[in-house]
Amino acid sequence: MRMTPVLTRLAWRYLWRNHRRTIIMLSAIAVGSWAMIFMTALTRGMVDQMIADGISVLPGHVQVHDPEFLNDPSVANRITIPDRELAASFDGAEFRAWASRVRVPAVIMSERESRGVTLLGIDPAAEREFSFVSYDEVEGRFLESPDDNGVVIGRKLADKLDTEVGKRIVLMSQDPDNEIADRGFRVVGLFEASMPSFEESFVFIGKTTAQKMLRIGEATTEVVFLGDDYRDVDPTYELVAERVDGGLDVRRWHEIDTYLGTMLKVMDGFVLIWVVVIFLALSFGLVNTLVMAVFERVREIGLMLALGMKPSSILAQILIESMLLLATGLLIGDVLAVLTIQPLQGGIDISAVAEGMEMMGASSVLYPKLYLDDVVLANVVVLILGFLASLSPAWRASRYEPVEAITKVG
Amino acid sequence: MNIVLRLAWRNLWRQPRRTWLTTGAMVFSNTLLVFMISLQFGMYELMIDNTLQVFTGHMQVQAPGYRDDQKMRQAVPGILPLATRLRDEFELDTIAARGWAFGLASSDERSYGIGIFGVEPDYEPGVSSIPGLIKEGRFLEDYDEPGIVIGAVLARNLRVGIGDELTLLGSGRDGSFAAAVVNVVGIFESGIPDIDRNFAEMPLGLFQDVFYMEGAGHQVVISAETLDAAELLLPQLVASLPADAGLVVHDWDALQPGLKQAIQADMSSAFFMYGILVILVAFSVLNTQLMSVLERTHEFGIVLSLGLRPGRLGRLVMLETALMGFMGLVIGAITGTIFTTWFTVNGLSIPGMEEMAAMFNLPARVYPETTFGTAIAGPLIVYAFTLLAALYPALRLYRLHPVEAMRIN
Amino acid sequence: MSSVRCVDLRKTYRQGDQDVKALDHVSIEIDEGGFVCLVAPSGGGKTTLLNAIGGLDIPDSGEVWVAEQRIDEMSKGELADLRLANIGFVFQAYNLIPVLTAQENVEFVMQVQGVPAAERREKSMAILEEVGLRGLEDRRPAEMSGGQQQRVAVARAIVSRPALVLADEPTANLDSKTSDELMELFTELNRHHNTTFVIATHDQRVMRYAKRIVRMLDGRIVEDLEQDAA
Ligand SMILES: Nc1ncnc2c1ncn2[C@@H]1O[C@H](COP(=O)(O)OP(=O)(O)OP(=O)(O)O)[C@@H](O)[C@H]1O
Ligand SMILES: [Mg+2]
């Protein structure tokens, strides 16, 4: 430990003795670590956006359904607890938001066309905060109350149905006895969404209106809860699970949308693999540089040994040199990454491949997301693996016999 | 062997560890590139094939505007005679007419909105994989039979089995109310939940009756042997359509724009990654060759003072790089091929990937295959960048002054 | 008390297909406070003997004692500690660490010994002054002449006042004036601090300062003379 300052100074000076080699290696490390972080930020951004979008259509980090509902999404599998009782058990707990709603598959028919949609019967006030539709930007108006008589549909769907604000459409679904439940509605608003498929597949009506139309009294089909962070939904889950009796099914969002759930995991794996692959590509150059650096100064190593420096200090010196090289390169790479990601925070337009991104469930604007965790991961992995890769050249350097080293002919 | 070549070769082995490490960087990247490129293009092909063979086919004849809006009235009139004529003209059985509508399907217990295809029982198997995926009952047989084939998830949701009745409600071509009662004759299972949950197929004749199509349909689907054959077929098909009918032909690109774009998006991120790998190898080579030039400064000084031209020294350095790069290329292509072949035999499945794979109509286990192209493309690019990287050290030699060079040791 | 004692040292190098006896039954005892010149033609075995005494090289047979410790059987770590604490080295070539300045080179051994910075500074400045390198403290070896580099090496060898200094041709690159100054310095250290010096040299001027001259030829000691130092 006492030796560290001496060794560090020696290592740093040796690093700059052959400045060309060091600069090349630093550039390689900087490019490598930049690529690690930049690429990670892009994928994170994409996945975050996908999940944000995904969660926004099935809002609720934790959701409660009848156990059968997810397999068989019919009003037959509804939650019969009225809102009053739900409110009584949930209002005490600290949720960012919660809401109950009616969500069933339905057919929407205009004068000319019919399409399949997901019918959402909502309390507009309760969902304002987390709906994927921003109420104020709706053409016409959004629903005003649970017993609103109008319907709000997506602009794309309106085009396909040849309908518009003010015109009438018919919604058809089933009631609990499998009688056709249908009702005419006037289109009061058209919404736009980040993904075209949302505009085609969701239709909003008032919750009470939906309950009347489907003849389910005060029942709903799902109760949803929002926590603070979609990555960490367990606290919310615990809170909900405590308060819901055993007859209902409580799930985290990634247990409902397994595609998004696995996406998140796969991306974590991808980030790690990417970091390791880049490191491996760098490691050859790193080891090469160290081997060269040792080779060039065999005599000097011999001299230091002859003067009484211990082999372990030689080992430490080479390791420190390697760590300094890596750390400097990483630092430059990190700074580069921040500098290149910052201007892109406003989003990268990739609408050229919008439909392809939609196929993956992503929208056509990519917002890179720089997470401290990812930056730390990249840096730490590189330092640790770099340390391991440097052990062999460093060890060899410390094994020289002083006389042989000094008399070695270059 | 040529003397210069031999000299270059020997020079490489003055520092065997360095040469091996640099070659190692190339081999590593090349192996990875061969594997990734093989996997990637194999997956694209699978994605395209699997996606197109479900419903889309290689191209379709449609009414203008139908592709974007899928409105009932954007129909192709007299679709059966048209399909028959095309089959005769191109002597191709993989041409089939279809209608498409949306409706509410009700069983005794449940009602769901679904997409309903009206298909030609005889020819649908030539353009779609669905008829081959019947796992219970049978596919449609007669143009007018009151039968329907539905997906397995839909059957479960509707709680129906073979022989059960379904009521269909929807809008006809003219917007009027359409209704029919049909029997479930078959249940298919594609393994792709979206398809198994949302679709049904009924005979085209019945479809035309129920939805008041008056002989019209919505698409004539054409599949060729291969994608390339499809490309050749397209202009002939366009030419053979009656000019006044106002019909259009869309190829698969236009029908599934998402597919090509998903591939493009994936390719651009993959190429970014490959690019980084190649750049890192280039840095490695630059480093090595610069070192090897610098440490020979003294000796180069001597040969220069003896009257050798700097150009020849530069060429020597390039030749050394070319030799080293060639080793990296050959070894990398071979290890890459071996590595990939292991997966060709054993298959590759990434835990947790099934869901994502299904999203793109891919099986959970894929079998990447190397071709000469995929085995050589990556390594060649690495090779090119290797030579490029060595230019700087080689060109530096032109600035070398013999006397100064000899002072350095 | 003896500072160095070698008993029947032998060291053979193989050169091609013939054996070269670098040390051939060499026995020598040097008392504390001794000032010995090793004189031999090139290839006579001077460096080999110095290396053996310094524990840098292990002879094929025989014993080496330094400060009453048998060093040819010590571990590398023990040897390193012994050198650090007791021995100052001046090598024939490649004496300095090129990335360190003159002063840092001089401080190097002390730094490894753990001498505090202030003390290091003071001592190194003083010693550089003594060897006539004042003003060159911040130069790196590449920026100094061969003679200046040699003086830095000497300064480093003596700065921590080792009991034994082993010097291999210390005046090889020095002009007569500076080499005289250097030898005065050695003599003074020898007198006041009782430092033992073993110096390998061809230089007649150096020999004049020695109390004892040991002549070698082909690895053997051929003459061992006490003399009155100048
Ligand atoms: N590493 C070695 N390998 C082979 N032979 C060696 C080695 N080191 C020394 N020798 C041989 O041992 C003999 C003694 O060498 P040594 O270096 O001790 O001579 P020296 O007296 O110091 O000569 P000089 O005055 O030239 O420095 C010489 O013949 C030399 O060639
Ligand atoms: Mg010698």
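Labels below follow one simple rule: chain letters A, B, ... track the order of the sequence lines, proteins then strands, and each chain is numbered from 1.
Here C:Ala80 is the residue among C:Gly55, C:Ala80, C:Gly77 with the most heavy-atom pairs under 4.5 Å with chain A. Heavy-atom pairs under 4.5 Å with chain A were tallied for C:Thr47, C:Ile97, C:Val109; the largest tally goes to C:Ile97. If you tally non-hydrogen atom pairs under 4.5 Å between each of A:Ala306, A:Ser313, A:Ser312, A:Pro311 and chain C, the highest count goes to A:Ala306.
Contacts between C:Val112 and chain A at a heavy-atom distance below 4.5 Å involve backbone atoms as well as side-chain atoms. Within the 4.5 angstrom heavy-atom criterion, only backbone atoms of C:Gln113 (N, CA, C, O) approach chain A.
Below 30°, between 30° and 60°, or above 60°: for A:Trp34 and A:Phe38 the angle between ring planes is below 30°, a parallel geometry.
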### Task
Under the side chain to side chain donor-acceptor pair (under 3.5 Å) rule, what do A:Ser322 and A:Ser390 come out as? Steps first, then yes or no, please.
CA-CA 7 Å; A:Ser322 161; A:Ser390 317; 2.6 Å; yes
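Both tests do not hold together for A:Arg13 against A:Trp16: distance to the six-membered ring centre under 6.0 Å, angle to the ring axis within 45°. For the pair A:Arg297 and A:Tyr14, the cation-pi criterion (under 6.0 Å, within 45° of the ring axis) is fulfilled.
Using a 4.0 Å cut-off between a side-chain N of Lys or Arg and a carboxylate O of Asp or Glu, C:Lys21 and C:Asp19 do not qualify as a salt bridge.
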